[in-house]
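These notes are about the structure you will find just below.
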Amino acid sequence: MELNFKLKDYEEIVGQEALSELAFLGEKVGKRRVLHINSTREGGGVAEILHRLIPLLNELGVEARWEVMEGRTEFFEVTKAFHNALQGQELSFSQDMLDTYLITNHDNARRIDLDADLIMVHDPQPAAMVRHRDKDQKWVWRCHIDLSHPHPKLWNYLGAYISKYDASVFHMAKFTQKLDIPQFVITPSIDPLTEKNREMSKAEIRTICDRLGIKRDKPLIVQISRFDLHKDPLGVIKAFLMVKRHIDCRLVLAGGGAVDDPEGAEVLTQIREAAQGNPDIYVLELPAGSDLEINAIQRAASVVVQKSLREGFGLTVTEAMWKGKPVIGGATGGIALQIENHFNGYLVHSLEGAAYRLRYVLSRPALMRRLGRNGREFVRRNFLITRSVRDHLLLALAMDRPGESTITI
Ligand code: UDP
């Protein structure tokens with residue numbers, strides 16, 4: 001469903017001053033034509049942000065649009081392998097894979113209307129489209145993954161394309177690589193007004209949970225994420241089984257696939273096998289656009305888990321905190337940027353650690369409430385969409401004067 005919120009609708013949450021700042025910056029950026037390119041319209045954090053960022057930039061007078069690259073299954077298999085290897089996995093890649101990658105990038109560069117002043121290319125999938133840049137344009141590569149330990153040969157190959165950009169943007173300083181172009185940090189954000197994050201009545205939560213077959217007679221532990229081994233769903237099941245020996249509770253593992261992730265079905269099969277025969281584990285396959293369902297499940301949770309082994313940012317952590325939930329997350333990537341031990345949740349390094357913290361939190365209701373309150377305020381201050389809009393406007397301005405930016409790292 002397309003949502004048509006205006007900036008003034010955010011005033012109650014972020015305050016008038018934040019909105020005035022956006023109006024000021026929007027005027028400065030003016031009618032610049034900004035094009036965002038990524039590789040999936042639905043599923044995953046990048047699509048999630050772009051759905052909201054574009055209309056808000058438009059409202060501020062910036063001519064922003066969003067194009068999605070197209071590719072065959074082979075292409076997405078190659079880029080998924082790239083994605084894993086850039087986050088540290090082994091990979092032996094062939095010339096065929098590189099050809100598939102380049103040809104698809106080339107085809108998309110011809111298909112997509114690249115007429116814009118500033119082009120932001122998200123992640124490695126469309127990165128090689130920069131070969132088709134016009135010299136009067138500014139091209140920015142927006143990396144959403146942890147590039148701190150990339151497969152050296154692959155990074156050598158892709159890095160050559162990245163160096164053709166005018167600048168790069170990362171979620172965190174420690175995700176970056178040495179590059180000879182300016183680097184910026186912009187953390188992701190969530191939109192508090194969308195179906196996924198808006199307030200919900202108890203009755204609505206109940207109705208949706210009933211429809212999904214989720215019983216709420218015991219505390220619920222929830223992890224929502226794509227079915228991806230990096231999210232460690234099997235580790236979550238093991239941790240849950242340890243907790244379950246002491247506290248009667250249920251686990252919800254809910255998620256779906258993304259068009260650019262062909263491994264999901266295989267991982268889902270493994271999860272179903274691990275959960276088989278246990279009536280307290282719900283494995284729910286969510287179709288694209290299940291925003292209300294995700295909202296209700298997160299709100300029904302006693303504790304939210306995001307036990308990722310590697311993570312770009314972990315929007316699901318932000319979403320859960322916004323709903324006032326304590327979050328137990330893997331101490332990796334952007335999760336470590338969001339969770340502070342004893343303040344809004346706990347970072348864990350192992351499944352035993354996850355089980356320990358789950359028990360700790362579940363047996364302390366007052367602590368759960370305090371962690372949840374702190375998490376919500378932390379997100380309000382740092383990770384709402386209005387802050388992303390501001391950073392993108394600042395970036396557009398910085399691209400005119402790269403040397404003068406204050407957010408260069
Ligand atoms: N998500 C979704 N459907 C699913 C699984 C996840 O809409 O079946 C959403 C989730 O609520 C979050 C985003 O996709 O907004 C996932 O972002 P995150 O940064 O947690 O992980 P990524 O998928 O980008 O690795």
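For reference, positions follow the sequence shown, starting with 1. Please read these numbers as outputs of a predicted model, since none were measured by experiment. In each ligand, atom 1 is the first atom listed, and ligand 1 is the first ligand listed.
- Checking E42, E48, Q306, E319 against atom 11 (O) of ligand 1, the nearest heavy atom belongs to E319.
- Shown in contact with G256 at under 4.0 Å from a heavy atom are these atoms of ligand 1, numbered in order with element: 4 (C), 8 (O).
- Close placement of the Y157 and Y161 rings is indicated, their centers lying within 6.0 Å of each other.
- The distance between the ring centers of F170 and F184 does not fall below 6.0 angstrom.
- A donor-acceptor pair under 3.5 Å is formed between the side chain of N382 and the backbone N or O of F378.
- Here the side chain of R133 pairs a donor or acceptor atom with the backbone of Q137 at under 3.5 angstrom.
- A donor-acceptor pair is defined here as one N or O able to donate and one able to accept, closer than 3.5 Å; such a pair exists between the side chain of N197 and the backbone of D191.
- Within the cation-pi definition used here (under 6.0 Å to the ring centroid, within 45° of the axis), R364 qualifies as a partner of Y360.
- Listed by chain and residue number, H36 satisfy the ring-ring contact (aromatic ring centres under 6.0 Å, His included) test with H392 (two or more places apart in sequence, or in another chain).
- Taking distance alone, with nitrogen or oxygen atoms compared against 3.5 Å, S225 stays at or beyond that limit from ligand 1.
- Distances from ligand 1 to the non-hydrogen atoms of H230 include no value under 4.0 Å.
- Relative ring orientation between H342 and Y346 is described as perpendicular, the plane-to-plane angle rising above 60° on a 0-90° scale split at 30° and 60°.
- Ligand 1 has a nitrogen or oxygen under 3.5 angstrom from a nitrogen or oxygen of T316.
- Residue-ligand proximity, R226 to ligand 1, at heavy-atom distances under 4.0 Å covers atoms 5 (C), 22 (P), 23 (O), 25 (O).
- Between L315 and ligand 1, an N or O atom pair is found at a separation short of 3.5 Å.
- Ligand 1 has G314 within reach: a non-hydrogen atom of the residue lies less than 4.0 Å from it.
- Counting heavy atoms under 4.0 Å from ligand 1, residue H144 does not touch it at all.
- Set against the non-hydrogen atoms of I294, the atoms of ligand 1 under 4.0 Å away are 1 (N), 2 (C), 3 (N), 7 (O), 11 (O).
- Note: H51 and W66 meet the aromatic proximity criterion, with ring centroids under 6.0 Å apart.
- For the pair E285 and ligand 1, no heavy-atom separation below 4.0 Å is found.
- Closest heavy-atom approach to atom 6 (C) of ligand 1 among the candidates I224, I335, T40: I224.
- Residue contact check for ligand 1: K231 places a non-hydrogen atom closer than 4.0 Å to it.
- Annotation for ligand 1: atoms under 4.0 Å from non-hydrogen atoms of E311 are 21 (O), 25 (O).
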